[in-house]
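Notes to accompany the following structure.
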Amino acid sequence: MKIGYPCINRTLGCVGARTFRLRNYSLDRLDEAVRNNLECLETMLRFNVEHGVLFFRITSDLVPFASHPDVEPLWVNRYADELRRIGSFIRAYDVRIDMHPGQYTLLNAKETRIVENAIRDLEYHCQILDQMGLDKTAKVQIHVGGVYEDRSASMGRFAEAFGELAAPIRRRLAIENDERSYPLADCLEISEATGCPVVFDVYHHSLLNQDEPLHEALIAAAETWEVTDGLPILDYSSSLPGGRFGRHADTLDPEDFEQFLRRTYPYDFDVMLEIKDKEISALRAVAVAQNDPRFVG
DNA sequence: AATGGTCAAGTCAGC
DNA sequence: GCTGACTTGACCATT
(Lines give C-alpha, C1' and ligand atoms only; values in the text may rest on other atoms or scores of the structure.)
Protein backbone atom coordinates (compact mmCIF):
# COMPACT_ATOMS: atom_id res chain seq x y z
CA MET A 1 0.00 0.00 0.00
CA LYS A 2 1.44 3.30 -1.16
CA ILE A 3 -0.08 6.64 -0.23
CA GLY A 4 -0.32 9.56 -2.61
CA TYR A 5 -1.83 12.96 -3.35
CA PRO A 6 -2.78 14.76 -6.55
CA CYS A 7 -0.86 17.21 -8.67
CA ILE A 8 0.06 20.04 -6.30
CA ASN A 9 2.47 20.60 -3.45
CA ARG A 10 2.17 23.85 -1.52
CA THR A 11 5.02 23.20 0.89
CA LEU A 12 7.52 23.54 -1.92
CA GLY A 13 7.54 26.92 -3.58
CA CYS A 14 7.13 25.75 -7.16
CA VAL A 15 4.00 25.83 -9.34
CA GLY A 16 3.71 22.60 -11.30
CA ALA A 17 0.76 23.55 -13.47
CA ARG A 18 1.73 26.83 -15.07
CA THR A 19 -0.42 27.64 -18.04
CA PHE A 20 -1.51 30.65 -20.08
CA ARG A 21 -4.53 32.01 -21.89
CA LEU A 22 -4.96 30.49 -25.31
CA ARG A 23 -5.17 33.94 -26.85
CA ASN A 24 -1.63 34.57 -25.57
CA TYR A 25 -0.29 31.34 -26.99
CA SER A 26 3.22 31.21 -28.43
CA LEU A 27 5.85 28.51 -28.68
CA ASP A 28 8.03 30.45 -26.22
CA ARG A 29 5.21 30.59 -23.71
CA LEU A 30 4.59 26.87 -24.13
CA ASP A 31 8.28 26.07 -23.61
CA GLU A 32 8.49 28.30 -20.59
CA ALA A 33 5.42 26.74 -18.96
CA VAL A 34 6.32 23.12 -19.74
CA ARG A 35 9.98 23.41 -18.69
CA ASN A 36 8.85 25.01 -15.44
CA ASN A 37 6.20 22.31 -14.89
CA LEU A 38 8.63 19.46 -15.53
CA GLU A 39 11.20 20.93 -13.19
CA CYS A 40 8.57 21.34 -10.48
CA LEU A 41 7.32 17.80 -11.05
CA GLU A 42 10.80 16.50 -10.41
CA THR A 43 11.08 18.62 -7.26
CA MET A 44 7.76 17.28 -5.98
CA LEU A 45 8.76 13.68 -6.71
CA ARG A 46 12.02 14.12 -4.78
CA PHE A 47 10.12 15.61 -1.85
CA ASN A 48 7.66 12.70 -1.95
CA VAL A 49 10.35 10.04 -2.01
CA GLU A 50 12.06 11.68 0.97
CA HIS A 51 8.79 11.66 2.89
CA GLY A 52 7.54 8.14 2.18
CA VAL A 53 4.96 9.22 -0.38
CA LEU A 54 5.36 6.75 -3.25
CA PHE A 55 2.15 7.46 -5.17
CA PHE A 56 1.51 10.64 -7.13
CA ARG A 57 -1.00 12.01 -9.62
CA ILE A 58 0.57 14.05 -12.39
CA THR A 59 -1.44 17.10 -13.40
CA SER A 60 -3.21 17.16 -16.78
CA ASP A 61 -1.82 20.69 -17.16
CA LEU A 62 1.76 19.41 -17.42
CA VAL A 63 1.64 20.45 -21.08
CA PRO A 64 -1.04 23.16 -21.30
CA PHE A 65 -3.50 22.73 -24.19
CA ALA A 66 -1.63 19.62 -25.25
CA SER A 67 -4.57 18.14 -27.16
CA HIS A 68 -5.42 21.43 -28.87
CA PRO A 69 -4.96 20.99 -32.64
CA ASP A 70 -2.51 23.92 -32.85
CA VAL A 71 -0.39 22.78 -29.91
CA GLU A 72 -0.43 19.01 -30.25
CA PRO A 73 1.95 18.62 -33.20
CA LEU A 74 4.47 20.92 -31.49
CA TRP A 75 4.88 19.37 -28.09
CA VAL A 76 5.20 15.70 -28.99
CA ASN A 77 8.95 14.87 -29.10
CA ARG A 78 9.83 18.35 -27.86
CA TYR A 79 10.25 17.34 -24.22
CA ALA A 80 11.21 13.70 -24.73
CA ASP A 81 14.59 13.99 -22.96
CA GLU A 82 13.14 15.60 -19.85
CA LEU A 83 10.26 13.13 -19.72
CA ARG A 84 12.63 10.19 -20.05
CA ARG A 85 14.80 11.52 -17.23
CA ILE A 86 11.85 12.00 -14.88
CA GLY A 87 10.60 8.54 -15.85
CA SER A 88 13.94 7.05 -14.83
CA PHE A 89 13.63 8.68 -11.43
CA ILE A 90 10.08 7.33 -11.02
CA ARG A 91 11.19 3.81 -11.90
CA ALA A 92 14.31 3.97 -9.74
CA TYR A 93 12.24 4.70 -6.63
CA ASP A 94 9.33 2.50 -7.69
CA VAL A 95 6.82 5.37 -7.52
CA ARG A 96 3.22 4.62 -8.56
CA ILE A 97 1.83 7.21 -10.97
CA ASP A 98 -1.65 8.02 -12.22
CA MET A 99 -3.32 10.81 -14.18
CA HIS A 100 -6.92 11.98 -14.14
CA PRO A 101 -8.33 13.88 -17.14
CA GLY A 102 -11.11 16.29 -16.24
CA GLN A 103 -14.85 16.43 -16.59
CA TYR A 104 -14.75 17.31 -20.27
CA THR A 105 -13.16 14.08 -21.39
CA LEU A 106 -16.20 12.04 -22.37
CA LEU A 107 -15.80 8.81 -24.27
CA ASN A 108 -19.54 8.13 -24.21
CA ALA A 109 -20.74 11.47 -25.62
CA LYS A 110 -23.34 11.38 -28.37
CA GLU A 111 -21.55 14.00 -30.46
CA THR A 112 -18.64 12.52 -32.39
CA ARG A 113 -16.70 15.77 -32.10
CA ILE A 114 -16.71 15.45 -28.30
CA VAL A 115 -15.58 11.84 -28.45
CA GLU A 116 -12.78 12.76 -30.86
CA ASN A 117 -11.62 15.49 -28.50
CA ALA A 118 -11.71 13.02 -25.63
CA ILE A 119 -9.60 10.53 -27.56
CA ARG A 120 -7.03 13.21 -28.39
CA ASP A 121 -6.93 14.14 -24.72
CA LEU A 122 -6.39 10.52 -23.70
CA GLU A 123 -3.66 10.21 -26.33
CA TYR A 124 -1.88 13.13 -24.71
CA HIS A 125 -2.06 11.63 -21.22
CA CYS A 126 -0.79 8.27 -22.44
CA GLN A 127 1.99 9.88 -24.49
CA ILE A 128 3.33 11.52 -21.35
CA LEU A 129 3.42 8.22 -19.48
CA ASP A 130 4.79 6.35 -22.51
CA GLN A 131 7.58 8.88 -22.98
CA MET A 132 8.46 8.47 -19.33
CA GLY A 133 8.92 4.79 -20.06
CA LEU A 134 6.32 3.72 -17.48
CA ASP A 135 4.51 0.38 -17.75
CA LYS A 136 0.74 0.02 -17.70
CA THR A 137 0.52 0.23 -13.91
CA ALA A 138 0.65 3.99 -14.56
CA LYS A 139 -3.07 4.51 -15.08
CA VAL A 140 -5.21 7.21 -16.66
CA GLN A 141 -8.48 7.22 -14.78
CA ILE A 142 -11.67 8.72 -16.16
CA HIS A 143 -15.35 8.79 -15.34
CA VAL A 144 -17.89 6.96 -17.48
CA GLY A 145 -19.49 10.24 -18.56
CA GLY A 146 -23.05 11.48 -19.06
CA VAL A 147 -26.29 9.51 -18.79
CA TYR A 148 -28.07 11.31 -21.65
CA GLU A 149 -31.44 10.07 -20.38
CA ASP A 150 -30.62 6.47 -21.25
CA ARG A 151 -28.21 4.82 -18.86
CA SER A 152 -27.82 1.49 -20.59
CA ALA A 153 -27.34 3.01 -24.05
CA SER A 154 -24.77 5.41 -22.61
CA MET A 155 -22.90 2.59 -20.90
CA GLY A 156 -23.01 0.72 -24.18
CA ARG A 157 -21.52 3.70 -26.01
CA PHE A 158 -18.69 3.81 -23.47
CA ALA A 159 -17.90 0.13 -24.00
CA GLU A 160 -18.01 0.55 -27.75
CA ALA A 161 -15.75 3.61 -27.76
CA PHE A 162 -13.38 1.84 -25.38
CA GLY A 163 -13.13 -1.14 -27.72
CA GLU A 164 -12.18 1.11 -30.61
CA LEU A 165 -9.32 2.83 -28.79
CA ALA A 166 -5.78 2.13 -29.88
CA ALA A 167 -4.12 -0.49 -27.67
CA PRO A 168 -1.56 1.90 -26.10
CA ILE A 169 -4.46 3.97 -24.73
CA ARG A 170 -6.76 1.12 -23.81
CA ARG A 171 -4.11 -0.56 -21.67
CA ARG A 172 -3.74 2.48 -19.42
CA LEU A 173 -7.38 3.37 -18.85
CA ALA A 174 -9.29 2.81 -15.65
CA ILE A 175 -12.83 3.95 -14.81
CA GLU A 176 -13.87 5.47 -11.54
CA ASN A 177 -17.28 5.40 -9.87
CA ASP A 178 -18.71 8.91 -9.50
CA GLU A 179 -21.14 10.53 -7.07
CA ARG A 180 -24.04 11.44 -9.32
CA SER A 181 -24.30 9.28 -12.44
CA TYR A 182 -22.45 5.97 -12.38
CA PRO A 183 -22.10 4.03 -9.13
CA LEU A 184 -19.70 1.16 -8.61
CA ALA A 185 -22.17 -1.46 -9.86
CA ASP A 186 -22.35 0.23 -13.28
CA CYS A 187 -18.57 0.50 -13.46
CA LEU A 188 -18.25 -3.20 -12.68
CA GLU A 189 -20.68 -3.99 -15.47
CA ILE A 190 -18.66 -1.90 -17.92
CA SER A 191 -15.50 -3.53 -16.68
CA GLU A 192 -16.99 -6.92 -17.38
CA ALA A 193 -17.71 -5.89 -20.96
CA THR A 194 -14.40 -4.13 -21.61
CA GLY A 195 -11.77 -5.54 -19.25
CA CYS A 196 -11.13 -2.01 -17.99
CA PRO A 197 -10.14 -1.96 -14.28
CA VAL A 198 -12.20 0.03 -11.80
CA VAL A 199 -10.77 2.66 -9.47
CA PHE A 200 -12.87 2.54 -6.33
CA ASP A 201 -13.66 5.98 -4.96
CA VAL A 202 -14.69 5.46 -1.35
CA TYR A 203 -16.22 8.91 -0.94
CA HIS A 204 -18.23 8.78 -4.15
CA HIS A 205 -19.39 5.34 -3.13
CA SER A 206 -20.69 6.68 0.16
CA LEU A 207 -22.81 9.19 -1.80
CA LEU A 208 -24.05 6.86 -4.57
CA ASN A 209 -24.25 3.11 -4.02
CA GLN A 210 -26.46 0.03 -4.04
CA ASP A 211 -25.97 -0.63 -0.33
CA GLU A 212 -22.93 -2.86 -0.86
CA PRO A 213 -20.86 -3.23 2.31
CA LEU A 214 -17.43 -1.58 2.04
CA HIS A 215 -15.40 -4.77 1.99
CA GLU A 216 -17.65 -6.31 -0.66
CA ALA A 217 -17.31 -3.24 -2.88
CA LEU A 218 -13.57 -3.22 -2.33
CA ILE A 219 -13.18 -6.85 -3.34
CA ALA A 220 -15.36 -6.45 -6.41
CA ALA A 221 -13.35 -3.44 -7.61
CA ALA A 222 -10.04 -5.18 -6.83
CA GLU A 223 -11.02 -8.19 -8.91
CA THR A 224 -11.12 -6.03 -12.04
CA TRP A 225 -7.34 -5.51 -11.79
CA GLU A 226 -4.92 -7.91 -13.49
CA VAL A 227 -1.48 -8.42 -11.97
CA THR A 228 0.06 -6.38 -14.81
CA ASP A 229 -2.24 -3.43 -13.96
CA GLY A 230 -0.50 -3.13 -10.60
CA LEU A 231 -2.14 -2.93 -7.20
CA PRO A 232 -5.76 -1.66 -7.37
CA ILE A 233 -6.06 2.10 -6.95
CA LEU A 234 -8.45 3.52 -4.40
CA ASP A 235 -9.45 7.17 -4.09
CA TYR A 236 -9.97 8.27 -0.50
CA SER A 237 -11.53 11.46 0.79
CA SER A 238 -14.30 12.58 3.07
CA SER A 239 -16.93 15.27 3.00
CA LEU A 240 -16.30 18.85 3.97
CA PRO A 241 -18.14 19.32 7.28
CA GLY A 242 -21.08 21.60 6.55
CA GLY A 243 -20.15 21.71 2.87
CA ARG A 244 -22.39 21.15 -0.13
CA PHE A 245 -22.99 17.71 -1.59
CA GLY A 246 -19.83 16.14 -2.91
CA ARG A 247 -17.37 18.74 -1.58
CA HIS A 248 -14.04 17.29 -0.52
CA ALA A 249 -12.68 17.87 2.98
CA ASP A 250 -10.02 20.52 3.55
CA THR A 251 -7.79 18.22 5.53
CA LEU A 252 -7.39 14.60 6.56
CA ASP A 253 -9.14 13.40 9.69
CA PRO A 254 -6.51 11.02 11.12
CA GLU A 255 -9.06 9.06 13.13
CA ASP A 256 -11.28 8.55 10.11
CA PHE A 257 -8.26 7.40 8.11
CA GLU A 258 -7.14 5.05 10.85
CA GLN A 259 -10.61 3.55 10.98
CA PHE A 260 -10.56 3.22 7.20
CA LEU A 261 -7.28 1.29 7.41
CA ARG A 262 -8.78 -1.01 10.03
CA ARG A 263 -11.97 -1.60 8.08
CA THR A 264 -10.16 -2.46 4.85
CA TYR A 265 -7.61 -4.81 6.40
CA PRO A 266 -6.08 -7.01 4.94
CA TYR A 267 -6.96 -5.94 1.38
CA ASP A 268 -4.06 -4.22 -0.34
CA PHE A 269 -4.26 -1.24 -2.72
CA ASP A 270 -2.65 2.13 -3.40
CA VAL A 271 -4.46 5.08 -1.83
CA MET A 272 -4.89 8.45 -3.55
CA LEU A 273 -5.94 11.13 -1.06
CA GLU A 274 -8.28 13.59 -2.74
CA ILE A 275 -8.05 16.20 -0.06
CA LYS A 276 -7.54 19.93 -0.44
CA ASP A 277 -4.37 20.38 1.53
CA LYS A 278 -2.63 17.73 -0.56
CA GLU A 279 0.85 16.89 0.75
CA ILE A 280 0.01 18.00 4.31
CA SER A 281 -2.64 15.31 4.52
CA ALA A 282 -0.45 12.81 2.72
CA LEU A 283 2.27 13.21 5.34
CA ARG A 284 -0.27 12.77 8.12
CA ALA A 285 -1.67 9.69 6.39
CA VAL A 286 1.85 8.26 6.07
CA ALA A 287 2.30 8.79 9.82
CA VAL A 288 -0.96 6.98 10.55
CA ALA A 289 -0.09 4.12 8.18
CA GLN A 290 3.40 3.53 9.63
CA ASN A 291 2.16 0.70 11.84
CA ASP A 292 0.16 -0.95 9.08
CA PRO A 293 1.92 -4.03 7.64
CA ARG A 294 0.60 -3.18 4.17
CA PHE A 295 2.25 0.23 4.04
CA VAL A 296 5.19 0.84 1.70
CA GLY A 297 7.02 4.15 1.96
C1' DA B 1 1.60 44.72 -5.36
C1' DA B 2 -2.98 43.24 -4.65
C1' DT B 3 -7.49 42.05 -6.32
C1' DG B 4 -11.19 40.01 -8.73
C1' DG B 5 -13.00 38.44 -13.05
C1' DT B 6 -12.02 34.89 -16.31
C1' DC B 7 -10.43 30.69 -18.44
C1' DA B 8 -10.63 25.01 -24.02
C1' DA B 9 -13.61 21.69 -23.05
C1' DG B 10 -19.62 19.21 -21.12
C1' DT B 11 -23.58 17.86 -18.44
C1' DC B 12 -27.44 18.65 -15.89
C1' DA B 13 -30.75 21.03 -13.01
C1' DG B 14 -33.57 24.71 -12.67
C1' DC B 15 -35.91 28.43 -14.57
C1' DG C 1 -33.99 27.42 -24.82
C1' DC C 2 -30.96 29.66 -21.70
C1' DT C 3 -28.13 30.34 -17.49
C1' DG C 4 -25.40 28.96 -13.88
C1' DA C 5 -23.35 25.30 -10.79
C1' DC C 6 -20.11 21.99 -10.78
C1' DT C 7 -14.74 22.74 -8.90
C1' DT C 8 -10.70 25.15 -8.79
C1' DG C 9 -5.82 27.00 -9.53
C1' DA C 10 -3.59 30.15 -12.10
C1' DC C 11 -3.60 33.93 -15.50
C1' DC C 12 -4.04 38.64 -16.46
C1' DA C 13 -6.14 43.19 -16.71
C1' DT C 14 -7.05 46.65 -13.70
C1' DT C 15 -6.27 49.31 -9.98
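Chain letters run A, B, ... following the sequence lines, proteins first, then strands; residues in each count from 1.
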Using the criterion of both pairing distances under 3.5 Å for Watson-Crick and G-U wobble pairs, give all stems of 3 or more consecutive pairs involving DNA chain B.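 The stems that DNA chain B takes part in, listed by first number, are B:1-7 with C:9-15, B:10-15 with C:1-6.
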
Distance-only polar pair, side chains of [X] and [Y], donor-acceptor under 3.5 Å:
X	Y	result
Asp235(A)	Gln141(A)	yes
Thr264(A)	His215(A)	no
Thr105(A)	Asp121(A)	yes
Arg170(A)	Thr194(A)	no
Ser154(A)	Asn108(A)	no
Tyr265(A)	Asp292(A)	no
Asp28(A)	Ser26(A)	no

Calculate the interatomic distance between [X] atom [atom1] and [N] atom [atom2]; express it in whole Å.
X	N	atom1	atom2	answer
Arg113(A)	dA8(B)	CZ	P	15 Å
Tyr148(A)	dA13(B)	OH	P	13 Å
Asn9(A)	dA10(C)	CG	C1'	16 Å
Glu274(A)	dT8(C)	CD	P	9 Å
Asp250(A)	dT8(C)	CG	C1'	13 Å
Leu106(A)	dT11(B)	CG	C1'	8 Å
Asn108(A)	dT11(B)	CG	C1'	11 Å
Leu22(A)	dA10(C)	CG	P	19 Å

If we take the [atom1] atom in both [N] and [M], what is their distance in whole Å?
N	M	atom1	value
dA9(B)	dG1(C)	P	22 Å
dC6(C)	dT3(B)	P	25 Å
dG9(C)	dG10(B)	P	22 Å
dT6(B)	dT3(C)	P	15 Å
dG4(B)	dT7(C)	P	23 Å

Measuring from Phe269(A):CZ to Lys2(A):NZ, what's the distance to the nearest 0.5 Å? 14.5 Å

Can Arg84(A) be said to sit on top of Tyr79(A)'s aromatic six-ring, NZ or CZ under 6.0 Å from centre and within 45° of the ring axis?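 Relative to the ring axis of Tyr79(A), which defines the angle, Arg84(A) lies outside at least one limit.
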
Kindly confirm or rule out a cation-pi arrangement of Arg151(A) over Tyr182(A), judged by NZ or CZ under 6.0 Å from the six-membered ring centre and within 45° of its axis? yes

Any idea which of [options] is nearest the [X] side chain?
X	options	answer
Arg21(A)	dG9(C), dG10(B), dC12(C)	dC12(C)
Lys276(A)	dT8(C), dG10(B), dC11(C)	dT8(C)
Gln103(A)	dA8(B), dT11(B), dC6(C)	dC6(C)
Arg23(A)	dA13(C), dT11(B), dC6(C)	dA13(C)
Arg29(A)	dC11(C), dC12(C), dG10(B)	dC12(C)
Arg10(A)	dC12(C), dC12(B), dG9(C)	dG9(C)

In residues 56-69 of chain A, what residues come within less than 4.0 Å of DNA chain C, judged by heavy atoms?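 Those residues: none at all.
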
Output yes when a side-chain donor or acceptor of Tyr124(A) lies under 3.5 Å from a complementary backbone atom of Val63(A), and no otherwise. yes

When you measure from every atom of DNA chain B, which of residues 114-128 of chain A have a heavy atom less than 4.0 Å away? Ile114(A)

Tyr203(A) and Tyr236(A): aromatic ring centres closer than 6.0 Å?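 No: the rings miss the under 6.0 Å criterion.
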
Taking the six-membered ring for Trp, are Phe20(A) and Phe65(A) ring centroids under 6.0 Å apart?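 Distance test on ring centres: under 6.0 Å, yes.
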
Is the ring of Tyr104(A) stacked on the base of dA9(B), with centres less than 5.5 Å apart and planes under 30° off?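 Yes, aromatic ring over the base.
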
Counting only side-chain N and O atoms of Asn24(A), is one of them less than 4.0 Å from OP1 or OP2 of dC12(C)? yes

At under 4.0 Å between heavy atoms, what does Arg18(A) touch on the DNA or RNA strands: base, sugar-phosphate, or nothing? sugar-phosphate

